[in-house]
Amino acid sequence: MNDLVDTRRTALDVEDFLHGLRGAARSDVKTSNPELRAWFVDLGGRSFFVKWAKREIFDETLRKDAEICSLGLHPAIVRLYNVLEARDGTALVFEKIEGTPLIERQNRGRFNALPVAEKMRALRSIFGAIDAIAGSGYVVVDFYEGNVIYDFAHRTVKIHDFELFERGEGFTLKAQRNYGSTRLMAPEEFIQGSWIDGRTNVFQLGRYAICALSDRAGEDWREGFRCSPELANILLRATRPDPAERHPSVKRFWEEFDAATVDVAAGSTN
């Protein structure tokens with residue numbers, strides 16, 4: 001039995017509960033949201049990542065994480081072990097992902113310098129996972145390299161942090177710009193009142209692939225592209241400024257990307 005995984009409710013505050021776990025080693029983790037707290041916990045020969053929010057803000061912060069990660073949609077999605085109700089809020093107990101976060105520019109550079117076949121296997125895992133999430137009724141928001149951890153030693157990838165994803169077919173952008181990385185965002189994400197949906201996500205995935213597979217990330221990206229003309233045309237369509245000219249859904253984009261890259265991913269990484 002592992003108390004961190006098996007306990008569903010405690011009368012203690014979450015930090016006191018973690019402190020009382022016999023044989024556990026705990027360290028604080030900095031979060032981008034000051035209303036959230038997080039810890040790495042080693043217990044019983046296993047490593048966990050625990051993220052906590054006060055109950056009154058759980059719905060607007062961690063509920064999407066809990067929903068998506070509990071569905072078992074894809075092996076590249078971080079695994080959720082437990083939802084722990086504590087006296088002062090709700091904590092999610094995840095697997096601790098081994099690897100290197102790609103949020104830092106130098107780490108992205110290291111990833112982009114990998115052999116094309118290795119990068120392609122990672123991209124296929126990432127995009128397959130996003131397709132599974134979109135197929136479950138979510139619109140992707142604020143997805144970029146900060147959501148990705150790559151294990152260079154074992155050549156595996158995991159994605160995490162789905163707090164801002166939106167359930168439904170789409171939504172009207174109320175702010176002056178959407179959340180996300182400017183390098184990957186679609187034109188409509190900078191227009192208040194625009195419609196954000198699966199076509200927006202297609203653009204984001206297209207840009208993600210371009211940044212990973214081309215030596216140039218600007219409008220001249222095709223001059224530095226390191227894959228087939230067929231794949232270049234798929235990404236060109238995905239990143240059209242007009243949403244109506246893109247693939248109509250993440251599913252359709254993923255189907256074309258999958259067919260065009262399966263042989264590349266099977267290539268040598270030496």
Side-chain angles (χ1 to χ4, degrees), residues 2 4-6 38 40-51 62-83 92-103 107-108 110-112 114-165 167 198 201-202 204-206 208-209 212-213 249-269:
N2 186 309
L4 187 57
V5 172
D6 298 321
F40 287 136
V41 179
D42 292 326
L43 179 65
R46 300 165 66 185
S47 297
F48 303 92
F49 174 62
V50 180
K51 190 187 291 187
L62 299 186
R63 181 166 297 282
K64 304 293 175 53
D65 268 342
E67 291 175 351
I68 292 171
C69 295
S70 66
L71 296 176
L73 295 173
H74 193 279
I77 297 173
V78 62
R79 182 177 179 182
L80 176 68
Y81 287 116
N82 190 18
V83 179
L92 305 182
V93 181
F94 297 98
E95 64 173 321
K96 181 183 177 182
I97 305 174
E98 300 299 332
T100 302
L102 298 187
I103 188 171
N107 296 336
R108 293 199 300 273
R110 182 183 175 191
F111 176 81
N112 291 342
L114 292 172
V116 171
E118 183 173 347
K119 286 191 294 185
M120 192 63 75
R121 285 197 282 272
L123 289 176
R124 286 169 56 83
S125 291
I126 294 167
F127 292 177
I130 293 296
D131 173 61
I133 293 172
S136 295
Y138 291 90
V139 177
V140 175
V141 179
D142 194 28
F143 183 82
Y144 69 116
E145 291 90 350
N147 300 82
V148 179
I149 295 179
Y150 189 74
D151 187 332
F152 287 93
H154 298 95
R155 299 174 177 174
T156 57
V157 67
K158 291 279 189 176
I159 63 173
H160 66 108
D161 195 2
F162 312 112
E163 296 170 14
L164 296 177
F165 284 30
R167 178 173 283 281
N201 296 159
V202 166
Q204 296 160 351
L205 296 181
Y208 196 106
L213 299 173
S249 64
V250 171
K251 178 177 177 60
R252 287 287 298 276
F253 168 79
W254 167 238
E255 288 173 345
E256 291 192 18
F257 188 93
D258 178 33
T261 60
V262 62
D263 289 340
V264 178
S268 173
T269 58

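Keep in mind that the numbers below use all heavy atoms, side chains included, and drop hydrogens, waters and symmetry copies. Numbering of residues begins at 1 and proceeds along the displayed sequence. These numbers come from a predicted model, not from an experiment.
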key: Short N-O contact, Arg155 and Glu118, less than 4.0 angstrom   = yes
query = Any side-chain heavy atom of Ile159 sitting closer than 4.5 Å to one from Ile126?
reply = yes
inquiry  = Please give me the minimum heavy-atom distance between Asn82 and Leu4, naming the atom from each residue.
reply    = ND2-O, 3.0 Å
inquiry  = Test: side-chain hydrogen bond (donor to acceptor under 3.5 Å, both in side chains). Region: residues 140-149. Which pairs qualify, not counting sequence neighbours?
reply    = Glu145-Arg183
ask   = Out of Thr156, Asn107, Thr100, Leu114, which residue meets the side-chain contact (heavy atoms from CB on, under 4.5 Å) rule with Tyr150?
value = Leu114
inquiry  = Going by the rule ring pair (Phe, Tyr, Trp, His ring centres under 6.0 Å), which residues pair with Phe162 if we only count those two or more places apart in sequence or in a different chain?
reply    = Phe165
message = When you compare the side chain of Asn201 with that of Ile130, does any pair of heavy atoms fall below 4.5 Å?
response = no
remark   = Applying side chain to side chain contact (heavy atoms under 4.5 Å, CB included) to Ala38 and not counting sequence neighbours gives Val29, Thr31, Phe49
ask   = What is the minimum heavy-atom distance between Ile77 and Ala129, and which atoms define it?
value = CG1-CB, 3.9 Å
inquiry  = Let's go through Leu43 and Asn2 carefully: what are the C-alpha distance in whole Å and the side-chain angles of both, what is the deciding distance for side-chain contact (heavy atoms from CB on, under 4.5 Å) to 0.1 Å, and is it a yes or a no?
reply    = CA-CA 8 Å; Leu43 179 65; Asn2 186 309; 3.3 Å; yes
message = Nearest 0.5 Å, please: how far is CG in Leu92 from CG in Leu62?
response = 5.0 Å
query = Looking at residues at least two apart in the chain, or sitting in another chain, which of them share a ring pair (Phe, Tyr, Trp, His ring centres under 6.0 Å) with Phe143?
reply = none
By side chain to side chain contact (heavy atoms under 4.5 Å, CB included) - contacts of Ser70 (at least two apart) = Leu80
ask   = Is Glu163 salt-bridged to Lys51, cutoff N-O under 4.0 Å?
value = yes
request  = Specify the closest pair of heavy atoms between Val264 and Val116, including all atoms of both residues, with the distance to one decimal.
outcome  = CG1-CG1, 3.7 Å
note = For Ala212 and Lys119 the tightest heavy-atom approach is O-NZ, 2.6 Å
remark   = Residue set satisfying salt bridge (Lys or Arg N to Asp or Glu O under 4.0 Å) with Asp263, at least two apart, ordered chain then number -> none
inquiry  = Among residues at least two apart in sequence or on other chains, which ones pass side chain to side chain contact (heavy atoms under 4.5 Å, CB included) with Arg124?
reply    = Met120, Trp254, Phe257, Asp258, Thr261, Val262, Ala265
query = Measuring from Asp131:CG to Glu255:CD, what's the distance to the nearest 0.5 Å?
reply = 7.5 Å
ask   = Partners of Lys96 by salt bridge (Lys or Arg N to Asp or Glu O under 4.0 Å), sequence neighbours excluded?
value = none
remark   = Applying salt bridge (Lys or Arg N to Asp or Glu O under 4.0 Å) to Arg108 and not counting sequence neighbours gives none
inquiry  = Any donor-acceptor pair under 3.5 Å linking the side-chain atoms of Asp42 with those of Ser47?
reply    = yes
message = Using the rule given for side-chain contact (heavy atoms from CB on, under 4.5 Å), can you reason through Val157 versus Leu123, listing the C-alpha separation, both sets of side-chain angles and the distance that settles it, and then say yes or no?
response = CA-CA 9 Å; Val157 67; Leu123 289 176; over 6 Å; no
remark   = CZ of Arg63 to CD of Glu67, rounded to nearest 0.5 Å, is 6.0 Å
note = Heavy-atom nearest pair, Val148 first then Tyr208, reads CG2-OH, 3.4 Å
task = Please assess Glu95 against Arg46 for the test salt bridge (charged side-chain N to carboxylate O under 4.0 Å, His left out), listing each intermediate value before the final yes or no.
result = CA-CA 9 Å; Glu95 64 173 321; Arg46 300 165 66 185; over 6 Å; no
request  = Supply the atom-to-atom distance Ile149 CD1 to Lys158 NZ, rounded to the nearest 0.5 angstrom.
outcome  = 10.5 Å
key: Partner residues of Phe94 under the ring pair (Phe, Tyr, Trp, His ring centres under 6.0 Å) criterion, sequence neighbours left out   = none
query = How close do His74 and Ala132 get, heavy atom to heavy atom, and via which atoms?
reply = CB-CB, 4.5 Å
message = Just so I know, are the side chains of Leu73 and Ser136 near enough to count as touching, which here means a heavy-atom distance under 4.5 Å?
response = yes
Contacts of Glu98 that satisfy salt bridge (Lys or Arg N to Asp or Glu O under 4.0 Å) - sequence neighbours left out = none
ask   = Listed by chain and number, what are the side-chain hydrogen bond (donor to acceptor under 3.5 Å, both in side chains) partners of Tyr81, not counting sequence neighbours?
value = none
